[in-house]
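Taking it in order: structure first as structure tokens, then the write-up.
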Amino acid sequence: MEVRVRYAPSPTGLQHIGGIRTALFNYFFARSSGGKFILRVEDTDRERYSDESLEDLYNTLSWLGIEWDEGPVVGGPYGPYIQSERFDLYKKYAEQLVAEGKAYYCYCSPERLEALRKEQAESKSEYQGYDRHCANLTAEERAELEAQGIKPVIRLRVPTEGKTTFHDILMGDITRRNRDISPDPIILKSDGFPTYHLANVIDDHLMHITHIMRAQEWIPSGPLHVLLYNAFGWEVPLYCHLPMVMGKDGQKLSKRHGSTAVRDFRAKGYLPEAIINYVTLVGWSLDGSTEFFSKEELEKCFRLENIHKSPAVFDYKKLDWFNGQYIRATADDKLAGLIVPYLQDAGFVHDPLSEDEEKLVSKLVPSVKERMKVLSDVVPLTAFIFRDEPVTDKNVYIGKGADLDKTAEALRKGMSILLDGVKAGRSQEDIENDLASLASELGLKVGGVFQPIRVAITNSTVSLPLFDSIDMIGIDETERRLERGLKILEEN
RNA sequence: GGUCCCUUCGUCUAACGGUUAGGACAGGAGAUUCUCAGUCUCUAAAUAGCGGUUCGAUUCCGCUAGGGACUACCA
């Protein structure tokens with residue numbers, strides 16, 4: 001039997017880490033087992049739907065390089081793959097259940113339901129949920145309510161006796177007493193749209209889905225779905241509930257833990273390879289020691305048996321580490337292309353790049369590459385090249401164990417060694433040695449000499465290596481900044 | 001409140017019922033005769049508790065504790 005799995009998000013928000021982790025697991029399982037990966041858009045919630053979310057779904061998947069075999073845009077034999085385009089279908093099936101007595105119309109107002117919920121909560125009643133008020137209306141009663149113009153919903157009759165069991169590949173059998181299933185859930189809303197449960201079950205069946213891989217937060221609705229499959233007389237697919245992705249505090253990962261939208265990670269300069277690699281490792285591992293996986297490798301070695309049962313905390317620091325690793329593994333010319341947009345956004349270079357800018361960018365890549373965790377780090381790292389904002393606080397120039405006078409002297413003597421050396425084409429090593437000698441002559445640590453030079457040239461105490469920096473702004477600009485630095489130190 | 005799920009270093013995880021309980025991130029120390037970073041080396045750090053089963057439990061079973069999810073005309 002061919003494996004057919006699906007990712008079925010609802011376009012009610014941006015694609016987030018948890019969602020794409022589910023997408024990735026489905027995708028890799030399909031690929032590694034020679035099956036099909038299907039994308040289905042569950043847009044039955046008209047209130048929360050947004051075009052932006054749908055666009056974000058497509059953008060995110062394509063950025064990650066996750067291609068679907070069937071779904072929107074590409075089509076497939078069981079389409080359409082957007083639920084709002086299957087509107088009539090759900091109603092038909094829901095009415096079929098009503099006709100068979102397995103479901104019924106309910107005319108209760110939202111107000112009544114609200115009051116009921118409140119009452120149950122306050123009385124701490126063991127019974128939660130709908131009281132089956134409309135479960136046995138007569139034809140006359142219904143006709144009267146219809147005449148009042150009330151649009152009914154359709155509820156599924158949940159048995160009060162017995163148990164319902166479903167099998168989960170990871171969890172084993174999960175059994176629940178039917179009386180514990182939230183009674184008589186709505187399957188068709190008054191606006192004619194199905195709720196998640198109905199649409200999901202119908203589509204998974206019609207699309208021949210074999211394995212349902214979704215987050216563990218869905219476990220409680222598993223028995224309900226099985227009831228639905230049984231009501232229709234359909235075969236129940238295999239379940240595989242994925243461990244949840246949590247925040248630092250052990251709660252379901254959400255915005256308050258930091259960025260969760262993949263779009264935001266992309267904007268900050270995370271590489272798709274790093275996201276895929278790390279996110280897949282949340283709740284899955286091959287052998288406990290292999291850390292790096294390319295998408296292609298995962299498409300081969302992903303196994304359901306290696307998925308974990310327990311929830312996992314999403315570690316932003318580890319993602320940073322992965323991203324840094326991937327940046328360092330990126331070829332210089334490719335990396336240059338990746339950082340250009342950040343330099344343009346910062347207003348450092350033109351769009352398109354001038355020839356000089358092009359050269360400058362490829363020149364700065366090697367030294368910046370070792371220092372980036374995310375692509376946007378390039379901006380603060382290279383700001384001194386494009387913006388000259390001198391440090392006017394003298395204290396910043398003073399290295400450890402030095403004072404103002406010594407620092408000024410170190411800068412005065414140091415800059416001439418440096419400038420003369422560079423102009424004369426002496427080796428970096430020789431110049432460095434001379435600067436080190438100067439430091440000991442002055443009774444300073446090497447930093448005592450390098451610090452004022454660094455601050456004068458790069459306007460910062462932390463910077464790219466000195467000689468790289470000089471190379472990037474040019475010797476004339478270097479001289480200008482050094483002289484200005486000296487002036488700042490010698491003022492008053 | 002009810003139902004269900006989960007439990008190895010701070011975090012992600014490895015370990016046919018037999019290992020000095022391994023790796024990685026983060027942390028700490030050191031090296032790299034310029035800062036930061038990077039790289040390399042070293043280091044600290046865990047089987048939630050209690051009972052079984054067993055010659056032997058991280059591993060199997062039970063209980064307790066803790067955590068989480070769900071309990072919508074949202075998915």
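Protein chains get the first letters and strands the later ones, always in sequence-line order, with residue 1 at the start of each.
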Partner of B:rG56 under the Watson-Crick or G-U wobble criteria, both distances under 3.5 Å, comes out as none
What integer number of Å spans the P atoms of B:rC70 and B:rA75?
14 Å
In terms of the angle between their ring planes, are A:Tyr278 and A:Phe322 parallel, tilted or perpendicular, with boundaries placed at 30° and 60°?
tilted
Among B:rG2, B:rC34, B:rC5, the one nearest any side-chain atom of A:Glu432 is B:rC34
Classify the ring geometry of A:Tyr326 against A:Phe292: parallel below 30°, tilted from 30° to 60°, perpendicular beyond 60°.
perpendicular
Pair partner, B:rC40 [Watson-Crick or wobble, under 3.5 Å]:
B:rG30
Enumerate the protein-to-nucleotides 17-20 of chain B contacts in which both atoms are nitrogen or oxygen and the separation is below 3.5 Å.
none

Using atom C1' of each nucleotide, how far apart are B:rA45 and B:rG10 to the nearest Å?
9 Å
Measuring only the P atom in each nucleotide, how far is B:rC42 from B:rG23? A whole number of Å is fine.
10 Å
Please tabulate the protein-to-nucleotide N/O contacts below 3.5 Å involving nucleotides 39-43 of chain B, giving atom names and distances.
unit_1, atom_1, unit_2, atom_2, d
B:rU39, OP1, A:Gln325, NE2, 2.9

Taking atom NZ of A:Lys102 as the centre, report whether more than 12 heavy atoms of other residues, nucleotides or ligands fall under 6.0 Å from it.
yes
So A:Val378 and A:Lys369, do their side chains get closer than 4.5 Å, heavy atoms only?
no
Between A:Asp320 (CG) and B:rG38 (P), how many Å, whole number?
11 Å
If we take the C1' atom in both B:rU43 and B:rC9, what is their distance in whole Å?
14 Å
Contact between A:Pro72 and A:Tyr58 at the side-chain level, heavy atoms closer than 4.5 Å - yes or no?
yes
B:rA46 versus B:rG22 - spacing of their P atoms, nearest Å
11 Å
Is any side-chain heavy atom of A:Ile488 closer than 4.5 Å to one of A:Tyr397?
yes
Taking a pair as Watson-Crick or G-U wobble with both distances under 3.5 Å, which nucleotide is matched to B:rA21?
none
Under the side chain to side chain donor-acceptor pair (under 3.5 Å) rule, what do A:Asp203 and A:Tyr81 come out as? Steps first, then yes or no, please.
CA-CA 9 Å; A:Asp203 285 347; A:Tyr81 293 86; over 6 Å; no
Which base sits across from B:rC63 as a Watson-Crick or G-U pair, both distances under 3.5 Å?
B:rG49
Touch check for A:Gly324, heavy atoms < 4.0 angstrom, all strands: base, sugar-phosphate only, or nothing?
nothing
At a cut-off of 3.5 Å, list every protein nitrogen or oxygen paired with a nitrogen or oxygen from nucleotides 73-75 of chain B, distance to 0.1 Å.
unit_1, atom_1, unit_2, atom_2, d
B:rC73, O2, A:Ser190, N, 2.8
B:rC73, O2, A:Ser190, OG, 2.8
B:rC73, N3, A:Ser190, OG, 3.0
B:rC73, N4, A:Cys108, O, 3.4
B:rC74, OP2, A:Lys189, NZ, 3.0
B:rC74, O2', A:Asp45, OD2, 2.7
B:rC74, O2', A:Arg48, NE, 3.4
B:rC74, O2', A:Arg48, NH2, 2.7
B:rC74, O2, A:Arg48, NH2, 3.3
B:rA75, OP1, A:Thr44, OG1, 3.0
B:rA75, OP1, A:Lys189, NZ, 2.8
B:rA75, OP2, A:Tyr196, N, 3.2
B:rA75, O3', A:Glu42, OE1, 3.3
B:rA75, O2', A:Ser10, OG, 3.2

Between B:rC34, B:rU33, B:rU7, which nucleotide has the shortest distance from any of its atoms to the side chain of A:Glu429?
B:rU33
Is there a side-chain contact between A:Tyr239 and A:His211, using heavy atoms and a 4.5 Å cut-off?
no
Give none if B:rA15 has no partner; otherwise give the nucleotide forming a Watson-Crick or G-U wobble pair with it, both distances under 3.5 Å.
none
Closer to the 5' end of RNA chain B via nearest nucleotide, is it A:Met171 or A:Gln251?
A:Met171
Would you check if A:Glu477 and A:Ile457 make a side-chain contact, meaning some heavy-atom pair closer than 4.5 Å?
no
Using the P atom on both, measure B:rG62 against B:rC4 and round to a whole Å.
14 Å
Atom P, compared across B:rU35 and B:rA48: separation rounded to whole Å:
44 Å
Nearest of B:rU35, B:rC34, B:rU3 to any side-chain atom of A:Arg177?
B:rU3
Can you see whether A:Tyr130 has A:Arg132 sitting over its ring - NZ or CZ less than 6.0 Å from the centre and within 45° of the normal?
no
Using atom CG of A:Leu242 as one end and atom P of B:rC70 as the other, report the distance to the nearest whole Å.
15 Å
Nearest-nucleotide check on RNA chain B, A:Ile174 vs A:Gly447; residue mapping nearer the 5' end is A:Ile174
Heavy-atom distance under 4.5 Å between the side chains of A:Ile307 and A:Met213, does that happen here?
yes
Whole-Å distance between B:rG23 C1' and A:Phe292 CZ?
13 Å
Going through the distances and angles, do A:Lys373 and A:Asp320 end up as a salt bridge (charged side-chain N to carboxylate O under 4.0 Å, His left out)?
CA-CA 6 Å; A:Lys373 279 194 163 65; A:Asp320 282 349; over 6 Å; no
Atom CZ of A:Phe293 to atom C1' of B:rC12: distance rounded to whole Å?
13 Å
If we call it a pair only when both distances are under 3.5 Å in a Watson-Crick or G-U wobble match, what pairs with B:rG1?
B:rU71
Which whole-number value in Å describes the distance from A:Leu286 CG to B:rU13 P?
14 Å
Step through the shown structure and confirm whether more than 12 heavy atoms of other residues, nucleotides or ligands are within 6.0 Å of NE2 on A:His167.
yes
Using a cut-off of less than 4.0 Å, is there contact between a side-chain N or O of A:Gln216 and OP1 or OP2 of B:rC5?
no
Can you tell me, in whole Å, how much space there is between the C1' of B:rU3 and that of B:rC61?
23 Å
A:Ser285 side chain N/O closer than 4.0 Å to the phosphate oxygens (OP1, OP2) of B:rA14?
yes
Check if the side chain of A:Lys373 and the base of B:rA37 share a donor-acceptor pair of N or O atoms closer than 3.5 Å.
no
Going by modelled atom types, is there a donor-acceptor pair between the base of B:rC4 and the side chain of A:Arg176 at under 3.5 Å?
no
With a non-hydrogen cut-off below 4.0 angstrom, is A:Leu464 in contact with a base, only sugar-phosphate, or nothing?
base
Separation of B:rU8 atom C1' from A:His308 atom NE2, nearest Å, is 12 Å
Round to the nearest Å and state the distance from A:Leu381 atom CG to B:rU35 atom P.
16 Å
Nearest to the side chain of A:Lys317, which nucleotide is it out of B:rA26, B:rA69, B:rC34?
B:rA26
Please report the distance, rounded to the nearest Å, between CE in A:Met244 and P in B:rC12.
14 Å
Is there side-chain contact between A:Ile17 and A:Phe314, with heavy atoms separated by less than 4.5 Å?
yes
Full working for salt bridge (charged side-chain N to carboxylate O under 4.0 Å, His left out) between A:Asp131 and A:Arg112
CA-CA 11 Å; A:Asp131 59 359; A:Arg112 192 184 102 79; 2.7 Å; yes
